[in-house]
Amino acid sequence: MELLTTQVAIIGAGPAGLLLGQLLYKAGIEHIIIEQRSAEYVASRIRAGILEQVSVDLLKQAGVDQHLKEKGLPHSGIEILTNGQKHRVDLSALTGGKQVTVYGQTEVTKDLMMAREAAQLKSFYEAQNVQVSDFYQTPKVHFEYQGKSIQIECDFIAGCDGYHGICRASVPQDKIKTYEKVYPFGWLGVLADVPPVADELIYVQSERGFALCSMRSETRSRYYLQVPLNDRVEDWSDERFWEELKSRLDAESQKKLVTGPSIEKSIAPLRSFVTEPMRFGKLFLAGDAAHIVPPTGAKGLNLAASDIAYLSSALIEYYVEGSDQGIQEYSEKCLQRVWKAERFSWWMTHLLHRFEIESEFEHKIKQAELSYILGSTAGKTTLAENYVGLPIHA
Ligand code: APR
Ligand code: PHB
């Protein structure tokens with residue numbers, strides 16, 4: 001067995017793990033990333049595409065914002081379509097000038113991977129049977145790599161291994177509590193090289209269900225439809241997809257919609273999930289390993305980034321200043337922000353989707369709530385300040 005030592009072992013090379021690696025590298029803290037998939041697989045996953053300013057700032061701090069600056073599209077508003085009418089939520093005007101940036105998570109991942117390669121930082125891709133142990137005393141990571149058995153001894157383990165990872169699963173049952181809500185529908189997503197139907201995102205509430213018109217660039221669109229949970233991708237030809245999307249849009253957007261062959265098509269279930277606490281001795285959970293939000297509020301990637309903001313500064317404080325205060329406070333600080341984003345994502349999902357089980361009364365109340373929110377500056381401000389992202393408190 002080969003024995004290695006490092007300061008921080010990071011499990012998982014998604015956006016959370018890669019961003020943490022880059023921030024630790026910048027601060028001169030040694031680390032190793034262990035990922036079970038291949039680099040090609042990680043770099044090709046299609047995910048969400050909205051960055052809060054907090055996330056943009058963190059990528060800048062990590063020194064990986066060059067492409068983001070060139071290709072990211074700043075958006076100062078979103079549209080909400082209900083009852084066949086579009087209502088603009090002027091994010092910037094309602095939040096004292098804040099905005100969001102449209103930039104694919106796939107691109108964020110690729111930028112981070114390139115920076116990592118350029119700095120020749122150590123990563124093990126395609127690691128098998130990854131195990132973490134002894135994280136209340138002397139943390140160890142064990143895995144197989146190219147037929148060899150490897151053990152890493154480290155000061156800390158960062159569990160950035162997503163919802164299905166092994167870090168959360170390795171915590172003793174009596175030390176962890178999880179909270180979960182599963183929604184009775186999924187999102188069918190299509191990526192296509194066609195110009196977006198509008199300059200801004202359109203969140204659609206319609207009698208036929210929710211839809212979202214998003215984009216990746218001026219020539220690439222990302223669209224979503226609320227679909228029943230048991231639908232399969234094979235049930236949805238491109239033609240059927242475009243027709244259904246059109247039927248949920250307003251007359252102007254129907255005319256403007258440009259259709260074309262899909263480059264990617266997939267169905268994702270919607271889930272709200274939170275783990276408490278987020279630290280177990282010297283094992284930290286971050287990103288999807290600790291929490292999941294339904295995509296309606298565009299918070300998944302941004303929550304992963306804010307966890308990493310807290311975790312990187314806690315580790316820097318520990319190694320550079322010799323203080324463990326950030327480590328002690330990590331879980332509580334993250335969870336305060338996590339629960340607020342969970343609430344917002346749940347609320348947006350609830351408000352904009354069609355639920356089979358809801359009574360006519362509940363449906364009417366929801367319509368009234370949406371109408372109130374969109375007709376009131378206070379209502380729109382609530383939506384806008386959550387959408388652009390709540391502050392990260394020091
Ligand atoms: N060992 C090593 N790596 C693992 C293991 C394991 N046992 N299990 C999972 N992984 C890897 C996955 O292959 C993946 O590359 O951990 C990584 C986790 O990455 P993500 O799922 O992207 O999670 P995270 O980095 O927290 O990013 C959160 O991704 O899913 C979206 O909506 C989510 O935008 C949010 C963001
Ligand atoms: C996306 O572009 O993929 C996207 C945008 C906004 C969301 C969810 C997904 O709320």
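Order of listing sets the numbers, starting from 1, for every ligand and every atom in it.
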Subject >> Which of the ligand 1 atoms, numbered from 1, are nearer than 4.0 Å to a heavy atom of Cys160 >> reply: 16 (O), 17 (C), 18 (C)

Original post:
Of the protein's non-hydrogen atoms, which lies at the shortest distance from atom 3 (O) of ligand 2, and what is that distance?
Top reply: Tyr224 OH, 2.6 Å

Original post:
Among His291, Gln36, Arg45, which residue places a heavy atom closest to atom 14 (C) of ligand 1?
Top reply: Arg45

**OP:** Would you kindly specify which portion of Ile11 sits under 4.0 Å from ligand 1, judged on non-hydrogen atoms: side chain, backbone, both or neither?
**Re:** side chain

Original post:
Leu301 heavy atoms, cut-off 4.0 Å: which ligand 1 atoms fall inside?
Top reply: 34 (O), 35 (C)

**OP:** Measure the distance from atom 8 (C) of ligand 2 to every protein heavy atom, then report the residue, atom name and distance (to 0.1 Å) of the closest one.
**Re:** Pro295 O, 3.3 Å

Subject >> Salt-bridge contact Lys256-Glu252 (side-chain N to carboxylate O under 4.0 Å) >> reply: yes

Original post:
Who's the nearest protein heavy-atom neighbour of atom 6 (C) of ligand 2, and how far?
Top reply: Tyr203 OH, 3.3 Å

**OP:** Using a strict cut-off of 4.0 Å, indicate which atoms of ligand 1 neighbour a heavy atom of Arg37.
**Re:** 13 (O)

Original post:
In ligand 1, which numbered atoms sit nearer than 4.0 Å to a non-hydrogen atom of Gly14?
Top reply: 15 (O), 17 (C), 19 (O), 22 (O), 25 (O)

Original post:
Does Pro15 have a non-hydrogen atom less than 4.0 Å from ligand 1?
Top reply: yes

Original post:
Hey, which atoms in ligand 1 end up nearer than 4.0 Å to a heavy atom of Gly287?
Top reply: 26 (O)

Original post:
Just which atoms of ligand 1 are under 4.0 Å from any heavy atom in Gly165?
Top reply: 8 (N)

Original post:
So, is Glu35 polar-close to ligand 1, with some N/O to N/O distance under 3.5 Å?
Top reply: yes

Original post:
Is the shortest N/O to N/O distance between Arg222 and ligand 2 below 3.5 Å?
Top reply: no

Original post:
Below 3.5 angstrom, do we get any N/O pair linking Ala16 and ligand 1?
Top reply: yes

Subject >> Min N/O separation Gln105 to ligand 1 under 3.5 Å >> reply: yes

**OP:** Considering the heavy atoms of Gly12, write down every atom of ligand 1 situated less than 4.0 Å from one of them.
**Re:** 3 (N), 11 (C), 16 (O), 17 (C)

**OP:** Tell me which part of Ile34 gets within contact of ligand 1: side chain, backbone, both or neither, using heavy atoms under 4.0 Å.
**Re:** backbone

Subject >> Carboxylate-amine/guanidinium contact Lys60 Asp57, below 4.0 Å >> reply: no

**OP:** Would you kindly check if the NZ (Lys) or CZ (Arg) of Lys299 is within the cone defined by 45 degrees around the ring axis of Tyr387 and under 6.0 Å from the six-membered ring centre?
**Re:** yes

